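One structure below.
To find a chain, count down the sequence lines: A is the first, B the second, and so on, and within it residues start at 1. Since we're looking at a predicted model, the values are computed, not measured.
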Protein chains: 2
Amino acid sequence: MKKQTRGQSRTTKRLDIRTVAESAGVSVATVSRVINNVTSVAPELNARVWEAIRTLGYVPNTQARALVSGRSRLLGVIISDITNPFFPELIQGFEDKAVELGYETLIGSTNYDLHRMELCVQRMLQRKVDGVAVMTFGIEEPLLDRLASQGIPMVFVDLAPQKKNISTIPIDYDTGISAAVRHLVELGHRSIAFIAGPKHLHSAKSRLRAFRSAIQAVGLSIPSSFVYFGDHTMEGGTRGMEHLLQQADRPTAVMCSNDMSAIGAMHAISRAGLSIPTDISLIGFDDIRLASFILPPLTTVRMSGRDIAEVAVKALVEKDTKIGMVATDLVVRNSTAAPKN
Amino acid sequence: MKKQTRGQSRTTKRLDIRTVAESAGVSVATVSRVINNVTSVAPELNARVWEAIRTLGYVPNTQARALVSGRSRLLGVIISDITNPFFPELIQGFEDKAVELGYETLIGSTNYDLHRMELCVQRMLQRKVDGVAVMTFGIEEPLLDRLASQGIPMVFVDLAPQKKNISTIPIDYDTGISAAVRHLVELGHRSIAFIAGPKHLHSAKSRLRAFRSAIQAVGLSIPSSFVYFGDHTMEGGTRGMEHLLQQADRPTAVMCSNDMSAIGAMHAISRAGLSIPTDISLIGFDDIRLASFILPPLTTVRMSGRDIAEVAVKALVEKDTKIGMVATDLVVRNSTAAPKN
DNA sequence: GTGAAAGCGCTAACAT
DNA sequence: ATGTTAGCGCTTTCAC
């Protein structure tokens, strides 16, 4: 006699592909073809199968599909810091698009920590994700190789290790950042400082580079003490602004590599008994939703996390997508004004 | 002749449990026992197997394990709004704890939208999560039944549909909220308003209830026009404060159901040409990290999202855990002061 | 175009 | 304590 399977007995009606096949009077292969949209099924059978699926309330078993097909329908997204509001907005966009295309999302947060990044990569590998979006704006080579060696498609923001299976989402930093610099110059500022992001972060470097070339383009120059390397957190912004306020000849305007730094900078300005924009003008980067709610509402360079996320998902899923450049542009609010004197 | 499997041929060395078994000179069952920490394996074999695993670089196939065991090692967490900073902090805690216990996390964001909530539940069901944490502070009965009928363990915050497989994380709102009210009263406030959360949200209702009973406890009473139902967003907070400022006899202090509402309220206060805390004292709820960075730094009632998340994961995984009450307490910063006159 | 059947890599009965 | 083996539910070759 046949051994019984554990759990339910074979006679107890389970709801698997066989049940559907029987009910529709076709083979399991046909049911499989139907649910996978394989064309070569006669319209009539197709209809019968869908009917059976509906009436039975059948839902294919994801695990089994994943096992046999080798595709998990899982997408990984690696970010730096989920408590930086830029990333939740990005994640939201990522998940929405992923779900729309039938994927689930695994989030890995590195906290700017290499060890955590390694753990993230490991987790993604173990779960056999069908692709990973590296939105940390930077990754170490060896880790990258681990992913690449598995042939897992990857998408990066803003830097392009030229390898197979790797695509890049280019960001047009120059447009937004040079507009910001020109905005300050038109207001009359000549003494402009920059609170940068982490030194090793590609995106942070790109923003600083864009700032420098914009400054040069308007014929200005900045002392090296006017560039502070923060870490894209509020705390870093506070430290950066404290540093700048200590300068003998302090800047009349400060640009920040992201909005969170700018918010931290505001804190330092207020603590020093100064006010924005009267004493110091401030410009952020990202345009997180908070930027318009903070007091004073922050002038910033907008870069849409949602847009980036959508592009990333599409690049991962529809591999042949041509990836367009992501735009940035200046949003003028109330944290910028003409300098006092 | 045997049919060849698609993809790689059987002779090409694959790296599965059989490879390990051969290499260690044991059966696949033993390998399985070893990687699952089943006790009944002789120490010597155990060592041999681990050795083989290490040298081969074997990693068990998650999909196969999930299929056969019926456990996905996936945990779902349903939240309201990922762009409310309280939730990223919670998610971070959730993921960290989940990863620590060998689980991955699926995030569902409802945006306070019932239809999206339904989609979330569906996704979780489809992925056969081993448990779901409903952190939206509210869920509809029918959806809950869908999850319950699958026998999926669930954990809720702060409300307890008494069913099987469902646990609840109780929150001690009273301590923090009554401390906040007493703080205001001690400063001299008598006219205190409340910007509540969404009417249907259990947590929002609990907070309002705690506020009301604290008000009563100090012998005060509040007109119904002093309670505004917002939606826990900045926008809602702004509207709420605008509403309160229109009152003939406007409040001297306002408590908010969460920090984001308070930040929105700040916006309205500033737009009205008033200032905090000189003209109006303001208290938030949650103590998101931003609360201490905003200007002025926000007095608020602290409730740790990380703590809640950790408890939630433990409740889901180690089902027999006794769940302790989550504390709340007042954090006094600079958004509260004595009323003007 | 459709069906039969061989696995995907693993776990857990059952036998030893 | 260890091994043998039958599936988990599905996809995909191969034969018709």
Side-chain angles (χ1 to χ4, degrees), chain A residues 1-49 53 56 58-73 126-128, chain B residues 1-49 53 56 58-73 126-128:
Chain A
M1 205 191 96
K2 271 262 164 146
K3 203 199 313 182
Q4 276 307 39
T5 176
R6 73 207 96 94
Q8 323 188 249
S9 79
R10 194 70 196 77
T11 46
T12 306
K13 217 73 212 161
R14 279 170 313 176
L15 191 40
D16 60 10
I17 199 171
R18 269 176 300 254
T19 326
V20 178
E22 277 169 39
S23 161
V26 297
S27 72
V28 292
T30 298
V31 177
S32 174
R33 289 184 187 108
V34 168
I35 58 187
N36 287 294
N37 276 316
V38 175
T39 44
S40 64
V41 177
E44 204 233 274
L45 286 196
N46 199 298
R48 277 218 319 264
V49 171
I53 289 175
L56 293 171
Y58 166 73
V59 179
N61 180 315
T62 321
Q63 330 274 18
R65 300 178 91 173
L67 175 58
V68 67
S69 70
R71 301 185 314 127
S72 62
R73 295 224 147 228
Q126 193 143 352
R127 288 286 172 168
K128 300 223 182 329
Chain B
M1 204 193 92
K2 270 257 162 146
K3 203 202 305 183
Q4 278 305 44
T5 175
R6 73 206 98 94
Q8 323 188 250
S9 78
R10 194 70 195 77
T11 47
T12 306
K13 217 74 213 162
R14 280 171 311 177
L15 192 39
D16 59 11
I17 200 171
R18 268 176 299 252
T19 326
V20 178
E22 277 169 40
S23 161
V26 298
S27 72
V28 293
T30 299
V31 178
S32 175
R33 288 185 187 107
V34 168
I35 59 186
N36 287 295
N37 275 316
V38 175
T39 43
S40 62
V41 178
E44 204 232 273
L45 285 195
N46 199 297
R48 278 218 320 264
V49 171
I53 288 175
L56 293 171
Y58 167 73
V59 179
N61 181 315
T62 321
Q63 331 275 15
R65 301 178 91 172
L67 175 57
V68 67
S69 70
R71 301 185 313 128
S72 62
R73 294 224 148 228
Q126 193 143 352
R127 289 285 173 170
K128 302 224 182 326

Given that A:Val59 and B:Arg33 both sit by DNA chain D, which one's nearest nucleotide is further toward the 5' end? B:Arg33

[X], nearest nucleotide to its side chain (from [options]):
{"X": "A:Asn61", "options": "C:dC8, C:dG3, D:dG9", "answer": "D:dG9"}
{"X": "A:Arg14", "options": "D:dC8, C:dG9, D:dC10", "answer": "D:dC8"}
{"X": "A:Val26", "options": "C:dG3, D:dT2, D:dC8", "answer": "C:dG3"}
{"X": "A:Val68", "options": "C:dT11, D:dC10, D:dA1", "answer": "D:dC10"}
{"X": "B:Ala29", "options": "C:dC10, D:dG3, D:dT11", "answer": "D:dG3"}
{"X": "A:Ser69", "options": "D:dT2, D:dT11, C:dA4", "answer": "D:dT11"}

Just to be sure I understand the rule, does A:Ser32 reach a base, reach only the sugar-phosphate, or reach nothing, if contact means heavy atoms closer than 4.0 Å? base

Heavy atoms only, 4.0 Å cut-off, all strands: where does B:Val28 land among base, sugar-phosphate and nothing? base

Between A:Arg18 and A:Glu22, does the salt bridge (Lys or Arg N to Asp or Glu O under 4.0 Å) criterion hold? Intermediate values first, please. CA-CA 6 Å; A:Arg18 269 176 300 254; A:Glu22 277 169 39; over 6 Å; no

Take atom [atom1] of [X] and atom [atom2] of [N], then tell me their distance rounded to the nearest Å.
{"X": "A:Leu15", "N": "D:dC10", "atom1": "CG", "atom2": "C1'", "answer": "14 Å"}
{"X": "B:Asp16", "N": "C:dG9", "atom1": "CG", "atom2": "P", "answer": "6 Å"}
{"X": "B:Asn46", "N": "D:dT2", "atom1": "CG", "atom2": "P", "answer": "9 Å"}
{"X": "A:Gln63", "N": "C:dG7", "atom1": "CD", "atom2": "P", "answer": "23 Å"}
{"X": "B:Leu45", "N": "D:dG3", "atom1": "CG", "atom2": "C1'", "answer": "11 Å"}
{"X": "B:Arg48", "N": "D:dT2", "atom1": "CZ", "atom2": "P", "answer": "9 Å"}
{"X": "B:Ile17", "N": "D:dT4", "atom1": "CD1", "atom2": "C1'", "answer": "13 Å"}
{"X": "B:Gln126", "N": "D:dG9", "atom1": "CD", "atom2": "P", "answer": "15 Å"}

Can you tell me if [X] touches the phosphate of [N], counting only side-chain N or O atoms and a distance under 4.0 Å to OP1 or OP2?
{"X": "B:Ser40", "N": "D:dA1", "value": "no"}
{"X": "B:Thr30", "N": "D:dT2", "value": "no"}
{"X": "B:Arg65", "N": "C:dT11", "value": "yes"}

Just checking, any donor-acceptor pair under 3.5 angstrom between side chains of B:Arg33 and B:Asn46? no

B:Ser72 side chain vs B:Lys128 backbone, donor-acceptor pair below 3.5 Å: yes

Here the pair of heavy atoms bringing A:Ile35 nearest to A:Arg65 is O-NH2, 4.1 Å

Taking all non-hydrogen atoms of both residues into account, name the closest pair between B:Val20 and B:Leu56 and its distance. CA-CD1, 3.9 Å

